[in-house]
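Below is a structure I'd like to ask you about.
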Amino acid sequence: MNKFIFVSGGVCSSLGKGVAASALGALLEGRGLNVRMVKCDPYINIDAGTMNPYQHGEVYVTDDGAETDLDLGNYARFTNSPLSAANSITTGQIYHSVLEKERQGRYLGRCVQVIPHITDEIKRRILAALDADADVVIVEIGGTVGDIESIPFLEAARQFIHEYGKENALSVHLTLIPEVGEGELKTKPTQHSVKAMQEMGIQPDILICRAPAMLDDTMRLKIAMFTNVEKNAVFTSYNVDTTIYAIPLIFFEQKMDQIALKKLGVASRHSDLQLWREMMAKFDARKGLVRIGIVGKYIELHDAYKSVYEALFHAGFEAGVEIELVKIDASFLESDGVADAMMGGSLPSTDSPVNAGKERVDGVLVPGGFGQRGINGMVNAVNWARRNKTPYFGICLGMQVIVIEWARNVLNFADADSSEFNQDTKHPVVSLLEEQVDVKNYGGTMRLGASETVTQEGTNLFKAYQKIHIWERHRHRYEFSNKYREAMLGSGLLLTGFTPDNGLVECVEWPDHPWGVGVQFHPEFKSKPTAAAPLFRDFVMAARDCKKDRE
Ligand code: GLN
């Protein structure tokens, strides 16, 4: 089966196109199809790797080390689509390869143009995601119809639909039904948005209308009439007050997958959404609250730590608790005593109105990050968690901070640091590998993608994964410095995960502590609502249990 679904958006951005595309993917998987998800991003950057998290949110890393758009994280959480560099296409990549071919003379002297050369390259890249086992490729086109920069992608979609035929390639269009005045829902923006699609030569087959509440039959009929879309193919994505993970079941109740399969000429088949139903049951059964202090640098922006927050939320399903994120700007914790007061609950967090209140946190997490700002605040937060026997989870930079804190406060190396933050430190306990010292170019110089960590029984790492050999993804330049292995071990720090050649330390743990673990890799990228990442699950369970003990 070689089927394609193009998901575009209209009216405005941030309507949840990524979630809608992923939820449809989950439903088709429920019907036994092998789904592949592809994101087309209209920006000119080659990838998201060099973009500032403030502007673009998190960089999602795939097994093969591609630094991609955070939408791929949605795909990973909702579907089982394999994700690699092939699943993330940017305008920059398309032009890059067309220009390379042009320089190599591969266009045989022809004038190189947006149509057909750019659009052909887009189509070639979409087809590259279609591996031998794939049944359906869902292609999400970033941006909003009408944007200048999305035009080549929509034109490629139009050509695709023309070449493969309506029965093999569908257009799904997501729009907004705004509410004006007293609960009056307006269809006009949707009508205009579909007109804009039609001007591009694409007649949407399915509409997903983002609306405050479920649209009634009269509304759907009206939308259908004005847009040339069948009434039973007009769906509502209403605002959910539970969780975005309810959306696959919400679409299922409206028979979205049945309609899509019918339009694609696929015979009706059994649907199994058991995992999603079980997940929702766990969601509903959660009792009690666990407060997790996130101490980071990009705290104001939810998207900067998207996968970390989602993974904590998934862990809450397993631990049977709601998670309250206490977002704390690390630079705020740099002055003496502030971390103790804040974590201990005698000072409210100023950064999140939701969390303003005077309560102790039940767990502390330092996520990944780059650059010096806020590091000493993170060290103070880690120090508080270690002394107060409060579960701590350090991811990448968060593991490096465990090592720095231990060196400063247990080994009494007062100026211990990572050479990323202090080149002149007498104790660079985290540093570049010798062979990296001369690297000057920031694009593509990191340790990126999946690699193996070896642990042993008895460690928290083993307890989480129930495995000796663990595969997780990396994105960093600096490493635990092997020159300090002996000193760290001698003073009691547990080194519990290594690369298979024992060359690099991948995990450290605190002794005599309920749960203090730092990993050099990023387990958040593989967490799903239906299967929380093991370390997140154990961290949240430890936080829950410590809270219970205290009470
Ligand atoms: N800045 C650190 C490094 O490059 C940590 C990176 C991260 O947390 N992803 O090693």
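In this chain, numbering begins with 1 at the start of the sequence shown. Start at 1 and go down the list; that is how both ligands and their atoms are numbered.
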Tell me, please: is E479 in heavy-atom contact with ligand 1, that is, under 4.0 Å?
no
Starting from atom 9 (N) of ligand 1, what is the nearest protein heavy atom, named by residue and atom, and what distance separates them?
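Going atom by atom, the protein heavy atom closest to atom 9 (N) of ligand 1 ends up being R475 O, 2.8 Å.
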Considering only protein heavy atoms, which is closest to atom 5 (C) of ligand 1, and at what distance to one decimal place?
G369 O, 3.3 Å
So which protein heavy atom does atom 2 (C) of ligand 1 come closest to, and at what separation?
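The answer is E420 OE1, 3.3 Å.
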Proximal atoms of ligand 1 relative to Q400 (non-hydrogen, under 4.0 Å)
2 (C), 3 (C), 5 (C), 10 (O)
For the residue pair W515 and F393, does the interplanar ring angle fall in the parallel (under 30°), tilted (30 to 60°) or perpendicular (over 60°) class?
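Answer is perpendicular, since the angle exceeds 60°.
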N-O pairing of D362 and R544 below 4.0 Å
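Looking at D362 and R544, the cut-off is not met.
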Should the pair K463-D538 be classified as a salt bridge under the 4.0 Å nitrogen-to-oxygen rule?
no
From R77, E58, E472, residue fulfilling side-chain contact (heavy atoms from CB on, under 4.5 Å) relative to F525:
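Only match with F525 under side-chain contact (heavy atoms from CB on, under 4.5 Å): E58.
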Hey, is ligand 1 close enough to G371 that some N/O pair sits below 3.5 Å?
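G371 vs ligand 1: no N/O contact under 3.5 Å.
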So which heavy atom in the protein is nearest atom 7 (C) of ligand 1, and how far is it from that ligand atom?
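In this structure, atom 7 (C) of ligand 1 has C396 SG, 2.9 Å as its nearest protein heavy atom.
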Counting the benzene-type ring for Trp, do Y392 and H513 have ring centres under 6.0 Å apart?
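No, the ring of Y392 stays outside the 6.0 Å limit from the ring of H513, centre to centre.
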Taking D417 first and then R408, would you say they form a salt bridge - that is, a charged N and a carboxylate O separated by under 4.0 Å?
yes
How close does the nearest protein non-hydrogen atom get to atom 10 (O) of ligand 1, and which residue and atom is it?
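So the nearest neighbour among protein heavy atoms is Y478 N, 2.8 Å.
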Could E140 and R36 be called an ion pair, given the rule that one side-chain N must be under 4.0 Å from one carboxylate O?
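Looking at R36 together with E140, the answer is no, because their closest N to O distance does not fall below 4.0 Å.
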For atom 4 (O) of ligand 1, which protein heavy atom lies nearest, and how many Å away is it?
R477 N, 3.0 Å
Are H522 and ligand 1 in contact, using a heavy-atom cut-off of under 4.0 Å?
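A heavy atom of H522 does come that close to ligand 1.
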